[in-house]
Trainee: 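What follows is a structure written as structure tokens; I'll ask about it next.
Hydrogens, waters and symmetry mates are skipped; everything else that's a heavy atom, side chains included, is used. Every value quoted in this text rests on a predicted model; they were computed, and no experiment measured them. All ligand and atom numbering here is 1-based and tracks the order in the structure.
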Amino acid sequence: MNAPLITSSLELATAGVEISHLSKSFGSHLVLDDISMSVEPGSVTALIGPSGSGKSTLLRCVNLLETPDAGTVTVGSQTITAGQPVKDRDLLALRRQVGMVFQSFNLFPHFSVLRNVAFPQERVLGRSREEAEARALTLLERVGLKEKAHQHPARCSGGQQQRIAIARALALEPSAMLFDEPTSALDPEVGVEVLAVMRELASAGMTMIVVTHEMQFAREVGDHLVVMADGRIIEEGVPAEIMAAPKEERTRRFLSAVL
Ligand code: ADP
Ligand code: MG
């Protein structure tokens, strides 16, 4: 794959993400227990921890796919406080600022690759079809997939589909991006293509929270590493330092399983 130059035509309006005293239960199960976390504008936070520790729920609370029970989420200048009435306008404004990429790419199977990237721009940003498709082509070129524009996603490899999903999220001009295990459904060799795109996005100054088991990526690209277990942050700091000398036994156990 040619190294994609995602950024040359993207003006990133990067924002910080602040999570403060966030809690969330499903029934009687406390899944997030008083989580506070600060992601500086333009920085990359890697989020790790055993399955079931609440990583996905935390990301889903940041763009309000889940409603937190307590706490606040701030993206840029937009704050949502749990338990307080939220205007639809504010909810949409916050959601619009946050792009999300999932493990399963969630592309529209009946749309071409181009329409996958263009359609949300028309619906969410009210762009004309011409404008949205022009921008979609630019982004597809940036992720190395312009030649796939008129095919259906099913004709693309998993790694290509994930790069399309990233292009689709970027087309909405988010000021922060959330990635939930973006490479765990992929073979390692195609996962590399996706990580390369993410690496470039990070160096362009995108604010990112990345749930991943790719510890090399976390060490090289992450400015900050957060370790979760049982709905709490058990350890955080400089990725290389935590990987070299974890303070918590549970961090040590998790790292020895993934490294
Ligand atoms: P992780 O991403 O770290 O594996 P999750 O955030 O997916 O963890 O899940 C944390 C816990 O919350 C798990 O025990 C999971 O079963 C539970 N959970 C997640 N989503 C829901 C839901 N919609 N309803 C009930 N329980 C849920
Ligand atoms: Mg998860």
Trainee: Have a look at Gly231, Ser25, Gly52 and point out the one with the heavy atom closest to atom 13 (C) of ligand 1.
Mentor: Gly52

Trainee: Would you check if the distance from the ring center of His152 to the ring center of Phe108 is below 6.0 Å?
Mentor: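 So the answer is no for these two rings.
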
Trainee: Can you tell me the protein heavy atom closest to atom 8 (O) of ligand 1 and the distance?
Mentor: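 Atom 8 (O) of ligand 1 sits closest to the protein heavy atom Gly54 N, 3.1 Å.
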
Trainee: Establish, from distance only, whether the side-chain atoms of Ser184 and Glu181 form a donor-acceptor pair under 3.5 Å.
Mentor: yes

Trainee: Below 4.0 angstrom, N of the basic side chain to O of the carboxylate: do Glu249 and Arg253 qualify?
Mentor: yes

Trainee: What residue and atom, counting heavy atoms only, is the protein's closest point to atom 7 (O) of ligand 1, and at what distance?
Mentor: Ser56 CB, 3.7 Å

Trainee: Short of 2.8 Å from the Mg ion (ligand 2), name each protein N/O/S atom, waters not counted.
Mentor: Ser56 OG

Trainee: With a 4.0 Å cut-off on heavy atoms, does His29 reach ligand 1?
Mentor: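 The answer is yes, since His29 has a heavy atom less than 4.0 Å from ligand 1.
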
Trainee: Are the side chains of Gln103 and Asp180 in touch, meaning some heavy atoms are under 4.5 Å apart?
Mentor: no

Trainee: Would you check, one step at a time, whether the test salt bridge (charged side-chain N to carboxylate O under 4.0 Å, His left out) holds for Arg127 with Glu173?
Mentor: CA-CA 12 Å; Arg127 285 187 179 143; Glu173 296 173 13; 2.6 Å; yes

Trainee: Would Val73 and Leu22 count as a side chain to side chain contact (heavy atoms under 4.5 Å, CB included) here? Give the steps.
Mentor: CA-CA 8 Å; Val73 174; Leu22 195 78; 3.9 Å; yes

Trainee: Got the closest protein heavy atom to atom 3 (O) of ligand 1, with its distance?
Mentor: Lys55 NZ, 2.7 Å

Trainee: With Ile80, which of Thr67, Val86, Val62 fulfils side chain to side chain contact (heavy atoms under 4.5 Å, CB included)?
Mentor: Val86

Trainee: Say whether, by atom type as modelled, one donor and one acceptor occur between the side chain of Arg95 and the main chain of Leu64 under 3.5 angstrom.
Mentor: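 Present.
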
Trainee: Give the numbers and elements of all ligand 1 atoms closer than 4.0 Å to a heavy atom of Ser51.
Mentor: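 So the answer, numbered in order with elements, is 4 (O).
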
Trainee: Heavy atoms, side chains only, cut-off 4.5 Å: are Arg115 and Glu122 in contact?
Mentor: yes

Trainee: Looking only at protein heavy atoms, which one is nearest to atom 19 (C) of ligand 1, and how far off is it?
Mentor: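 Looking only at protein heavy atoms, the one closest to atom 19 (C) of ligand 1 is Phe26 CE1, 3.5 Å.
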
Trainee: Could you check whether atom 15 (C) of ligand 1 has a protein contact, counting only heavy atoms that fall below 4.0 angstrom?
Mentor: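 It does not: no protein heavy atom is found less than 4.0 Å away from atom 15 (C) of ligand 1.
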
Trainee: Using a strict cut-off of 4.0 Å, indicate which atoms of ligand 1 neighbour a heavy atom of Ser53.
Mentor: 1 (P), 3 (O), 8 (O)

Trainee: Starting from atom 12 (O) of ligand 1, locate the nearest protein heavy atom and write down its residue, its atom name and how far away it is, to 0.1 Å.
Mentor: Val31 CG2, 3.2 Å

Trainee: Quick test of your reading of the model: are Arg129 and Glu133 salt-bridged, counting only N-O distances below 4.0 Å?
Mentor: yes

Trainee: Looking at Thr138 and Ala134, would you say the former's side chain and the latter's main chain have a donor-acceptor pair under 3.5 Å?
Mentor: yes

Trainee: Identify the closest protein heavy atom to atom 9 (O) of ligand 1: which residue and atom is it, and at what distance?
Mentor: Thr57 OG1, 3.9 Å

Trainee: Taking Arg250 first and then Asp230, would you say they form a salt bridge - that is, a charged N and a carboxylate O separated by under 4.0 Å?
Mentor: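 Between Asp230 and Arg250 there is a salt bridge, with a charged N closer than 4.0 Å to a carboxylate O.
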
Trainee: Going by the order shown, which atoms of ligand 1 are within less than 4.0 Å of some heavy atom of Pro50?
Mentor: 3 (O)

